[in-house]
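Here's the structure we're looking at; comments come further down.
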Amino acid sequence: MKNNISSVRVCGIEKLEKGKYRIGFDTGIRCLVYGYEIRGMKLEEDTYISTELYQHILKEIVGKRAKKRALHLLERMDRTEQQLREKLISSEYPDECIDDAIAYVKSFHYLDDSRYAENYIRYSKEKLSKQQIKQKLTIKGVSRELIQDALDSEYDADETVHIRKLLEKKHYDSSNCDEGEFRRIYQYILRRGFRSNDILKEMKSFQEPL
């Protein structure tokens, strides 16, 4: 078939494991399909298919599979949008299918970074400093604005309690600690995101419980 504006070239068909094949198109899109689907659509390498068939593959076959995969991933555990996107990318879904899948699960409120941040803070606020929570949520892809809103709403922990717990864990005693040990423990707590003034205040008076 000769190429024209209403056709797309199948650039390559690569056989993988478990009956899967990787198909590449001259649009730059690559996606995974099964052998029975290739046979059913009579796809062959270095031939052209109609744009209607091409869209059918992306929307009705691979796209629907991406939506089901997104739902399955969210059923197993709550995720941020970035985490879900990374999972779908690792499964080789095209960007177009990933965008549609994310929009689909968002429409049912299965994916909500604001809710994720609030739940994460409720679970973590008794163990982590505010700064640690910010860092971890940032790594998970939550925006700075949503993190701050969630902290304002949910973070009500007393960080001095966290500091005292860490001092107790390190068997720190202000009346029996040399300068080297003091610096080591101070740095240990500082790296966990607590404020310097709060750490020093607690370290000056803390004595390990008997």
Side-chain angles (χ1 to χ4, degrees), residues 66 68-93 95 98-99 101-210:
K68 289 181 65 175
R69 178 63 175 161
L71 286 171
H72 176 70
L73 289 167
L74 292 172
E75 284 174 359
R76 296 180 62 185
M77 62 180 289
D78 200 13
R79 302 173 192 269
T80 65
E81 180 175 335
Q82 176 179 294
Q83 289 174 319
L84 180 60
R85 186 176 293 275
E86 288 172 351
K87 280 288 187 181
L88 294 175
I89 289 173
S90 70
S91 296
E92 298 191 41
Y93 288 106
D95 289 345
I98 293 174
D99 290 341
I102 287 176
Y104 177 76
V105 294
K106 275 186 173 181
S107 71
F108 294 101
H109 303 289
Y110 296 146
L111 185 68
D112 186 329
D113 280 5
S114 179
R115 183 191 65 224
Y116 182 98
E118 290 173 355
N119 289 339
Y120 185 88
I121 292 168
R122 290 190 201 107
Y123 175 78
S124 304
K125 64 184 179 181
E126 299 303 326
K127 300 177 291 184
L128 302 177
S129 70
K130 186 178 291 188
Q131 187 60 33
Q132 278 181 304
I133 288 173
K134 285 182 180 180
Q135 291 171 347
K136 289 181 181 293
L137 286 174
T138 298
I139 291 171
K140 294 173 185 291
V142 182
S143 72
R144 184 183 305 174
E145 293 76 14
L146 289 182
I147 293 172
Q148 191 57 57
D149 288 346
L151 284 168
D152 292 343
S153 172
E154 301 296 334
Y155 194 88
D156 56 4
D158 183 350
E159 293 202 337
T160 60
V161 173
H162 293 334
I163 294 170
R164 289 195 292 270
K165 286 181 179 179
L166 290 171
L167 290 171
E168 185 174 343
K169 177 182 177 181
K170 289 296 182 180
H171 305 293
Y172 173 79
D173 191 329
S174 61
S175 63
N176 186 27
C177 180
D178 61 29
E179 184 177 348
E181 182 72 1
F182 182 94
R183 286 200 302 268
R184 186 181 68 79
I185 294 176
Y186 168 77
Q187 291 294 336
Y188 166 79
I189 299 175
L190 188 66
R191 287 194 298 271
R192 277 148 183 78
F194 296 100
R195 291 176 295 187
S196 177
N197 288 343
D198 291 340
I199 300 170
L200 293 172
K201 180 181 177 181
E202 294 305 315
M203 290 186 75
K204 286 178 181 178
S205 60
F206 185 87
Q207 290 184 329
E208 184 180 4
L210 298 176

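- Between the side chain of Gln83 and the backbone N or O of Thr80, at least one donor-acceptor pair lies under 3.5 Å.
- In this structure a side-chain-to-backbone donor-acceptor pair under 3.5 Å is present from Tyr172 to Met203.
- A donor-acceptor pair under 3.5 Å links the side-chain atoms of Thr138 to the main chain of Lys134, judged by distance alone.
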- Query: Can you check side-chain contact (heavy atoms from CB on, under 4.5 Å) on Leu128 and Tyr123, steps first, answer last?
  - Reply: CA-CA 10 Å; Leu128 302 177; Tyr123 175 78; over 6 Å; no

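- Just one residue in the list Glu81, Lys87, Gln82 forms a side chain to side chain contact (heavy atoms under 4.5 Å, CB included) with Arg85, and that residue is Glu81.
- The shortest side-chain heavy-atom distance between Lys170 and Arg184 falls under the 4.5 Å cut-off.
- At distances below 3.5 Å, not a single donor-acceptor pair connects side-chain atoms of Asp113 with backbone N or O atoms of Ser143.
- At distances below 3.5 Å, not a single donor-acceptor pair connects side-chain atoms of Arg76 with backbone N or O atoms of His72.
- Lys201 has no carboxylate O lying under 4.0 Å from a charged side-chain N of Asp198, or vice versa, which leaves the two without a salt bridge.
- Rounding to the nearest 0.5 Å gives a distance of 8.5 Å between CG of Asp112 and CG of Asp78.
- In this structure, CZ in Arg122 is found 10.5 Å from CG in Asp156, a value given to the nearest 0.5 Å.
- The existence of a salt bridge linking Lys165 and Glu168 is excluded, since no basic side-chain nitrogen approaches an acidic carboxylate oxygen closer than 4.0 Å.
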- Message: Assess the residue pair Leu84 and Val105 against the criterion (side-chain contact (heavy atoms from CB on, under 4.5 Å)); give the C-alpha distance rounded to whole Å, side-chain angles, the decisive distance to 0.1 Å, and a yes or no.
- Response: CA-CA 10 Å; Leu84 180 60; Val105 294; 4.0 Å; yes

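- Asp95 contributes atom CG, which lies 6.5 Å from atom CD1 of Ile89 (distance to the nearest 0.5 angstrom).
- At a threshold of 4.5 Å between non-hydrogen side-chain atoms, the residues Leu167 and Ile189 count as touching.
- In this structure, Glu118 contributes its side chain and Ser153 its backbone to no donor-acceptor pair below 3.5 Å.
- From Arg79, atom CZ reaches atom CG of Leu74 across 7.0 Å, with rounding to the nearest 0.5 Å.
- Here the straight-line distance linking atom OG of Ser124 with atom CG of Asn119 works out to 10.0 Å at 0.5 Å rounding.
- For the residue pair Ala101 and Ala70, the shortest heavy atom distance occurs at CB-CB, 4.3 Å.
- The backbone N or O of Glu126 sits less than 3.5 Å from a side-chain atom of His162, completing a donor-acceptor pair.
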- Give the C-alpha distance, both sets of side-chain angles, the deciding distance and a yes or no for side-chain contact (heavy atoms from CB on, under 4.5 Å) between Phe194 and Gln131. CA-CA 7 Å; Phe194 296 100; Gln131 187 60 33; over 6 Å; no

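- Using bins of under 30°, 30° to 60° and over 60° for the plane-to-plane angle, the ring pair Tyr104/Phe108 lands in the perpendicular bin.
- Here the side chain of Arg115 pairs a donor or acceptor atom with the backbone of His109 at under 3.5 angstrom.
- Within the 3.5 Å criterion, the main-chain N or O of Glu154 finds a donor-acceptor partner in the side chain of Lys125.
- For CZ of Arg164, the number of neighbouring non-hydrogen atoms (other residues, nucleotides, ligands) closer than 6.0 Å is greater than 12.
- A pairwise comparison of heavy atoms in Tyr155 and Ile133 identifies CE1-CD1, 3.7 Å as the closest pair.
- For the pair Arg192 and Tyr188, the cation-pi criterion (under 6.0 Å, within 45° of the ring axis) is fulfilled.
- A 4.5 Å side-chain heavy-atom check between Glu181 and Asp178 finds at least one atom pair inside the cut-off.
- Note that the OG1 atom of Thr160 and the CD1 atom of Ile199 stand 12.0 Å from one another [nearest 0.5 Å].
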- Message: Test side-chain contact (heavy atoms from CB on, under 4.5 Å) on Tyr116 and Leu137; report intermediate values, then the result.
- Response: CA-CA 9 Å; Tyr116 182 98; Leu137 286 174; 4.0 Å; yes

